[in-house]
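Step one of this worksheet: look at the structure below.
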Number of protein chains: 2
Amino acid sequence: MPIRNADAERVRNTSFFRSADDATFDTAMNGAFLQRFPANTTLLMEGDTVDFLYILLEGSVELGAGWKSKDTTLAILRPVSTFILAAVVLESDALMSAVTLERSEILMVPGDSLRRGMKENAVFGYAVSEELAGCYRGLVRSIKNHKLRDSTERLANYLLTQRARQGGKDEIVLPHEKRVLAALLGMTPENLSRAFSKLSDKGVSVDGARVGFSNVTVLERLARPSPLIDNHYAQDRNTLGKAYTERQQGVLDQS
Amino acid sequence: MPIRNADAERVRNTSFFRSADDATFDTAMNGAFLQRFPANTTLLMEGDTVDFLYILLEGSVELGAGWKSKDTTLAILRPVSTFILAAVVLESDALMSAVTLERSEILMVPGDSLRRGMKENAVFGYAVSEELAGCYRGLVRSIKNHKLRDSTERLANYLLTQRARQGGKDEIVLPHEKRVLAALLGMTPENLSRAFSKLSDKGVSVDGARVGFSNVTVLERLARPSPLIDNHYAQDRNTLGKAYTERQQGVLDQS
DNA sequence: AAGAGAACTTGATTAATGTCAAGCTCAAGC
DNA sequence: GCTTGAGCTTGACATTAATCAAGTTCTCTT
C-alpha cells in the first residue's frame with residue numbers, strides 16, 4: 001500500500017524523521033510502504049534478517065524473546081514508535097521477535113534507504129543517533145527497574161507512571177489487559193493479582209481496568225519513583241523537546 | 001595530561017573513531033585529555049551531568065546503579081571501551097555510575113567536540129550510530145540472559161563464552177575476582193560458589209581463578225548457548241569487521 | 001614464619017517468585 | 001435466562017536466590 005501524505009506528515013512530526021529536510025526524507029523513505037496486519041501476527045522472529053525499519057502507526061506490538069521453551073516480553077510499543085532500528089543500522093539479524101497484539105498499521109522503510117539518508121545528511125544521522133541513545137537509555141532504565149525492584153515495587157511505579165501520564169487524577173485506566181501488563185512487568189498473571197492486593201494497603205483499589213488511588217503519598221513511599229529509572233513524561237515527546245527519544249523500553253510503555 | 005600519539009592511534013584503531021578522517025578526528029577530539037585514576041574511584045554518579053565521553057585505555061571500570069539502598073552491576077568494561085556515549089549524544093544526565101575497579105587510564109573527550117564531529121561528518125556520525133546500536137544490542141542480550149536463564153545457566157554460558165574467547169582450550173583463567181564475577185552475573189558470591197559446584201557434574205573444575213572443562217558437550221547441553229544471547233567473539237573486534245560494536249553490556253564483558 | 005584481613009565456601013534459614021489446580025466473573029452468543 | 005470460554009483470582013506447593021552465620025583458604029605484610 002502506498003504511503004498516505006497524512007502518514008508521512010505524522011512520521012515527520014512524531015519521530016526522528018523530524019530532523020530530515022525534504023530531500024533527505026525522500027532518500028530515507030525511498031521504497032517505503034504501508035502495511036496492515038491482523039492481531040497476533042508475527043512480524044519478525046529472532047534471528048531473522050532485518051530488511052526494513054518498522055514504524056508503528058496504529059495498534060500495538062510486543063517485542064519479545066525466547067530461549068529453551070521460555071519466553072519473555074521486552075517491550076510493548078504503541079504509536080508512533082520505530083522498532084528494530086539497531087539491527088537496521090548494523091545490517092544484522094533481529095535479537096527480538098515482534099508480534100502484533102491487535103490489528104496494526106505499520107510503515108515499512110527499506111533499511112538501505114534509511115542508511116543512505118543517514119550517510120548523506122549528518123543532521124539526520126545525528127537524529128538517528130539521538131533515537132538510538134534514547135532507546136539505549138530506555139533499556140538501562142528497564143534493567144534497573146528489574147534488578148533493583150521486586151514485583152510489587154515495579155507495579156507501584158508502573159501505576160504512578162500511568163497516573164502521571166494520564167493527568168495525575170486519582171483514577172486511571174490500565175491501557176492493557178492484565179495478562180499483558182504482567183508480561184510487561186516481568187511477572188506471572190497470578191503474581192500481578194497478588195501484587196495488586198498487596199497495594200490495597202497503600203490505597204490502591206482495582207475494578208477491572210480502572211485503578212483508584214486514595215493515598216498517593218503512602219504509595220509513593222513504597223514505590224520511591226526515581227527520574228533515573230522511571231520516565232513519567234515520555235508521552236509528551238512532541239512538546240518536551242527531545243524527551244521523545246527517551247523510550248521506556250521494557251517495563252513501561254510509551255503510551 | 002596531554003594525549004600521547006600512541007594513545008590517539010590506539011583509539012583510532014580500536015573504536016568507532018576509526019571511521020573519522022584526520023580533520024574530523026581533530027574536531028571530535030578537541031580538548032580531550034588523558035587522566036589516571038586509582039582503584040575504586042568514582043568517575044561519575046547516577047544523575048550527574050555528563051560533560052565528557054570516557055574512553056577506557058587501561059584498567060577496568062564498573063558501571064552500576066542503585067535504588068533504595070540496593071546496588072547492581074550493569075557492566076564491567078575493559079580496554080578499549082567508550083562509555084556513557086548515550087548521555088553525551090543526548091546531553092543528558094548519567095543513568096549509571098562509573099567506578100574504577102583498578103588503577104585506570106582514561107581518555108576524556110569533551111561532549112561538545114564529539115557532537116560537533118558527528119554533525120560535521122556524516123560518515124563519522126554513522127559510525128557513532130553503529131556503536132550505539134551495538135551497545136543497545138548488548139543490553140538486549142543482557143536482559144535476555146537475565147530473564148530467560150537461571151544463575152547456573154548464566155554461569156555455564158559465561159564460562160563457555162570465556163572459553164571461546166580464550167582460544168577454546170580446556171582450561172581458562174577467570175578475568176575477574178569471583179565477587180566481581182558474581183556481581184556481573186547478577187548473583188551473590190555465595191550463589192556463585194554453589195553454581196560452580198552444580199557444574200562439577202558437567203565436568204567443570206575450579207582451582208582459584210583457573211577453570212577446567214572435561215566434558216564440554218555435557219556443559220553445552222545445559223548451557224545451550226545461543227548467538228541471539230551470547231557473543232562469543234566480541235574480543236575480535238579488530239579483526240572481524242564491525243563485530244567490535246556488538247558489546248556485551250551487562251553480563252558478559254568484552255575481554 | 002606469624003598474623004591480619006579479604007576472599008571464598010558451606011550450611012541453615014528466609015523471602016520472593018513461579019507453577020499447578022481450582023474456582024470465580026463477566027460478557028458474548030444462543 | 002443459560003452456556004461458554006477467556007480472563008482473572010486464590011490457595012497450596014515447589015523452586016530459586018538472598019541472607020545470615022560460621023568456618024576455611026589465600027595473600028600480603030611485617
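Note that the coordinates shown come from a computational prediction; the quantities given were computed from them, not determined experimentally. A, B, ... follow the sequence lines: proteins, then strands. Residue 1 opens every chain.
For the pair B:L155 CG and C:dT9 P, the interatomic distance rounds to 11 Å; values are reported in whole Å. Note: CG (A:L101) to P (D:dG7) measures 12 Å, nearest angstrom. Distance A:E177 CD to D:dT9 C1': 15 Å, rounded to the nearest Å. What separates CZ of B:R179 from P of D:dC26 is a distance of 18 Å, to the nearest Å. Rounded to an integer number of Å, the gap from B:L174 CG to D:dC26 P is 15 Å. Between the CD atom of B:E153 and the C1' atom of D:dA17 there is a distance of 14 Å, rounded to whole Å. Between the CG atom of B:L185 and the P atom of D:dA17 there is a distance of 12 Å, rounded to whole Å. Atom P of nucleotide C:dA27 and atom CG of A:D207 are separated by 10 Å, given to the nearest angstrom.
Under a 4.0 Å N-O distance rule, the pair A:K198/A:E153 does not qualify as a salt bridge. The residues B:R163 and B:E220 are annotated as not salt-bridged, no charged nitrogen and carboxylate oxygen being separated by less than 4.0 angstrom.
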Open item on the list: Return a single string for nucleotides 15-23 of chain C, one symbol per nucleotide in 5' to 3' order, where B is base contact, S is sugar-phosphate-only contact and - is none, cutoff 4.0 angstrom on heavy atoms.
Closed with: --SBBB---

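Remark: the backbone N or O of A:A65 is not paired with any side-chain donor or acceptor of A:K70 at under 3.5 angstrom. A:E62 places no side-chain N or O within 3.5 Å of a backbone atom of A:T73 that could act as its donor or acceptor partner. Here the side chain of A:R10 pairs a donor or acceptor atom with the backbone of A:L57 at under 3.5 angstrom.
Exactly one of B:K147, B:R149, B:R141 qualifies for a side-chain hydrogen bond (donor to acceptor under 3.5 Å, both in side chains) with B:N145. That residue is B:R149.
Checking C:dT9, D:dC8, C:dA7 against the side-chain heavy atoms of B:K178 singles out C:dT9 as nearest.
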